[in-house]
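Notes for the one structure printed next.
Each chain gets a letter, A, B and so on, in the order the sequences are listed, and its residues count up from 1.
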There are 2 protein chains.
Amino acid sequence: MSWSIAEVARMSKVTSRTLRHYHDIGLLAPARRGANGYRYYEQPQLLRLQEILLLRELGLDLDSIGQIVAGEQDQLSALRRHYGWLQSERERLAEVARTVEDTIRKLEGGEEMTAEQLWNGFDPNSEKARALAAEAEERWGPQVATVNRKVAKWSKEKWAQIQQQYGDASQRIAELMDAGLPADDPQVIEAVDGHFQWLLNFWTPNRQSYAGLGDLYADDPRFAEQLNAVRPGFAEFMRHAMTAYALVRL
Amino acid sequence: MSWSIAEVARMSKVTSRTLRHYHDIGLLAPARRGANGYRYYEQPQLLRLQEILLLRELGLDLDSIGQIVAGEQDQLSALRRHYGWLQSERERLAEVARTVEDTIRKLEGGEEMTAEQLWNGFDPNSEKARALAAEAEERWGPQVATVNRKVAKWSKEKWAQIQQQYGDASQRIAELMDAGLPADDPQVIEAVDGHFQWLLNFWTPNRQSYAGLGDLYADDPRFAEQLNAVRPGFAEFMRHAMTAYALVRL
DNA sequence: CTTGCAGTTGACGTAACGTCAACCTCTAAC
DNA sequence: GTTAGAGGTTGACGTTACGTCAACTGCAAG
């Protein structure tokens with residue numbers, strides 16, 4: 001039993017380009033090649049591929065992976081080394097983040113906040129956020145209260161991250177809108193998934209509620225104002241895009 | 001007043017190649033070019049360079065930096081976005097590290113520890129480490145006790161990181177030894193700096209004590225055994241290299 | 001026989017430079 | 001006046017892990 005490159009790609013959720021690349025760098029050669037040059041893989045190659053992908057998920061580079069699967073390096077010591085690297089990299093990022101934070105504070109001291117800096121409006125302590133939260137609690141009940149309690153405990157780091165996640169998602173969607181794509185274009189749907197993933201930080205929508213949130217975005221002037229600050233007409237575009245997303249994916 | 005590319009490079013601690021690169025990508029053009037094609041920079045360029053380097057230290061990519069110094073993007077919102085990215089990247093690494101940790105534990109369950117996995121021998125709870133610590137305390141007194149108390153509080157992440165720092169440093173030195181370089185070669189000295197930096201996690205040596213440690217490495221059979229496991233003759237090489245380092249740098 | 005999907009081999013692009021190579025220019029010493 | 005040495009120039013390749021064409025071939029179905 002042997003499989004073609006596309007079959008292997010589908011089975012292992014990698015692209016055929018990746019498999020060709022692995023062949024090029026000698027990480028995973030196919031079992032044989034057809035007279036036409038096609039690559040054919042068999043059981044042992046699949047097992048090796050699984051091993052490779054497992055190590056890849058751990059963040060190891062292909063070179064190290066190659067040494068490990070070839071038995072040239074001890075897997076355990078390679079992982080220990082990698083673990084140490086991960087820790088120091090993490091610490092480095094933490095230090096950089098601290099410096100960035102200090103810089104932001106210094107800049108904030110001198111400058112007033114501009115509208116752009118408030119583009120997302122999701123500061124949990126803002127008037128607007130509090131008003132929305134109270135209203136939401138009244139309209140949707142105790143679930144919202146749970147969310148409110150959850151997010152109140154988030155650190156400023158987590159807030160910054162989620163804020164940026166939202167910013168990135170709407171930015172991507174807005175760019176597709178700029179490109180003239182319709183709101184139900186597959187690319188737009190895919191980009192809306194970024195918004196959906198972001199929303200999962202707060203609650204888990206279903207088809208109805210996600211589309212409903214889209215309506216709220218366009219109908220509630222406070223939301224609409226936020227969104228249209230990104231691009232004129234963005235709120236309406238989001239409504240359609242979210243509805244399309246809900247239909248296709250939820 | 002104008003400066004040549006090498007002068008600017010020295011003043012700002014970047015390479016001239018970097019300055020040429022920044023010119024190529026339009027991030028920092030020189031004030032003028034001589035008839036011979038030489039780049040000449042003046043005050044405004046230096047200021048702009050300082051700004052660029054400051055942002056670079058914060059981990060921003062050159063593209064974003066370009067937009068900021070060109071005034072096309074708000075510095076504050078760019079930094080906020082970057083801060084969010086740093087946090088999510090940090091969290092991603094933490095998750096990967098956890099997975100790696102789990103994998104290591106699984107592997108450890110099945111396999112015996114090999115000599116290679118113990119190459120550094122710096123597990124603080126090992127017999128060997130305890131014996132050395134007790135002896136050191138007897139020989140060098142209360143300073144060692146302080147260090148012992150300090151390291152006892154380190155987390156396993158920190159230990160892994162420091163362990164790997166040591167492993168990397170000795171690996172680099174050993175490779176230079178393989179290449180046949182003498183122990184006082186500038187490249188070796190530079191590599192020994194990695195060992196010195198690692199040692200700073202424990203205590204701060206001076207010229208005498210660092211060279212003394214080198215002697216200990218070669219003379220004390222317990223240390224020598226560790227080191228010679230990396231490469232035969234490595235302990236003796238380290239003694240010379242550390243002595244050379246102490247003379248040149250300390 | 002055509003259509004269309006799936007396969008092939010290049011080759012370029014990505015980030016931020018490091019590191020040659022081959023050649024030119026300046027400065028100071030002999 | 002020459003020469004050595006430091007410093008300048010423009011390419012161009014290498015790094016990571018593929019994505020993304022482009023141009024072409026193979027194979028099965030209508």
Side-chain angles (χ1 to χ4, degrees), chain A residues 2-41 45 49 52-69 82 85-86 89 92 96 172 187 190, chain B residues 2-41 45 49 52-69 82 85-86 89 92-93 96 172 186-187 190:
Chain A
S2 64
W3 298 273
S4 76
I5 195 170
E7 287 167 338
V8 175
R10 265 193 305 276
M11 285 161 51
S12 344
K13 318 225 169 203
V14 297
T15 68
S16 59
R17 179 65 182 88
T18 298
L19 292 172
R20 264 186 244 116
H21 181 58
Y22 289 176
H23 186 194
D24 285 350
I25 64 174
L27 184 56
L28 179 72
R32 59 190 182 79
R33 302 194 67 160
N36 46 21
Y38 283 26
R39 295 167 174 82
Y40 293 101
Y41 298 81
Q45 283 72 46
L49 179 57
I52 290 169
L53 294 179
L54 195 148
L55 292 168
R56 192 180 70 164
E57 271 186 35
L58 302 182
L60 282 154
D61 58 304
L62 297 184
D63 197 36
S64 308
I65 293 176
Q67 292 177 17
I68 292 171
V69 296
H82 183 54
W85 180 85
L86 284 167
E89 185 62 10
R92 195 183 67 83
V96 172
R172 261 198 305 281
Q187 281 189 59
E190 183 56 34
Chain B
S2 64
W3 297 274
S4 76
I5 195 168
E7 287 167 336
V8 175
R10 266 194 305 278
M11 286 160 50
S12 345
K13 318 224 171 204
V14 296
T15 68
S16 58
R17 178 67 181 88
T18 297
L19 292 172
R20 267 187 241 112
H21 181 58
Y22 288 175
H23 185 192
D24 285 349
I25 63 174
L27 183 56
L28 179 71
R32 59 191 180 79
R33 302 193 67 158
N36 46 23
Y38 282 27
R39 293 168 174 81
Y40 293 102
Y41 298 80
Q45 282 72 46
L49 178 57
I52 290 169
L53 294 180
L54 195 150
L55 292 169
R56 190 181 70 163
E57 271 187 35
L58 301 183
L60 282 155
D61 57 303
L62 297 185
D63 198 34
S64 308
I65 293 177
Q67 292 179 15
I68 292 172
V69 297
H82 182 54
W85 180 85
L86 284 168
E89 185 63 9
R92 195 184 65 84
L93 289 181
V96 173
R172 262 198 304 280
Q187 280 190 59
E190 183 55 34

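- Contact record, A:I5 with A:L19: O-CD1, 3.6 Å, taken as the closest heavy-atom pair.
- In this structure, CZ of A:R20 is placed 7 Å from C1' of C:dG7, rounded to the nearest angstrom.
- Of the possible polar contacts, one joining the A:S12 side chain to the A:V8 backbone as a donor-acceptor pair under 3.5 Å is found.
- Remark: P of C:dT9 and CG of A:D24 are 8 Å apart, rounded to the nearest angstrom.
- Contacts of A:R10 with the nucleic acid, taken as non-hydrogen atoms under 4.0 Å apart, are absent.
- Side-chain polar atoms of B:R39 and B:S4 form no donor-acceptor pair below 3.5 angstrom.
- At distances below 3.5 Å, not a single donor-acceptor pair connects side-chain atoms of A:E57 with backbone N or O atoms of A:L54.
- When rounded to the nearest whole Å, the span between CG of A:L19 and P of D:dG19 equals 10 Å.
- Between B:Y40 and B:P30, the shortest heavy-atom distance links the atoms O-CB, 3.5 Å.
- Look at CH2 on B:W3: it is 19 Å from C1' on D:dG8, rounded to the nearest Å.
- A distance-only check finds no donor-acceptor pair linking the side chain of B:S64 to the backbone of B:L60 [under 3.5 Å].
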Would you give a per-nucleotide map of nucleotides 14-26 of chain C, 5' to 3', where B means the base has a protein non-hydrogen atom under 4.0 Å away, S means only the sugar-phosphate does, and - means neither?
-> --BBBB-----BS

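- Judged as a side-chain contact (heavy atoms from CB on, under 4.5 Å), and not counting sequence neighbours, the contacts of A:W85 are A:H82, A:E89, B:Q164.
- Side-chain atoms of A:Y38 and A:R33, non-hydrogen and from C-beta on, never get closer than 4.5 Å to each other.
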Listed pairs, N/O of protein and of nucleotides 2-4 of chain C, under 3.5 Å:
none

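- If you check every strand for non-hydrogen atoms under 4.0 Å, B:R39 touches sugar and phosphate atoms only.
- Among the protein residues, A:S16 comes within range of no part of the nucleic acid, since none of its heavy atoms lies under 4.0 Å from any strand.
- We find that CD1 of A:I65 is positioned 13 Å from P of D:dT16, with the value rounded to whole Å.
- Between B:I25 and B:L62 the shortest heavy-atom distance is CD1-CD1, 3.8 Å.
- One can place CD1 of B:I5 at 18 Å from P of D:dA6, the figure rounded to the nearest angstrom.
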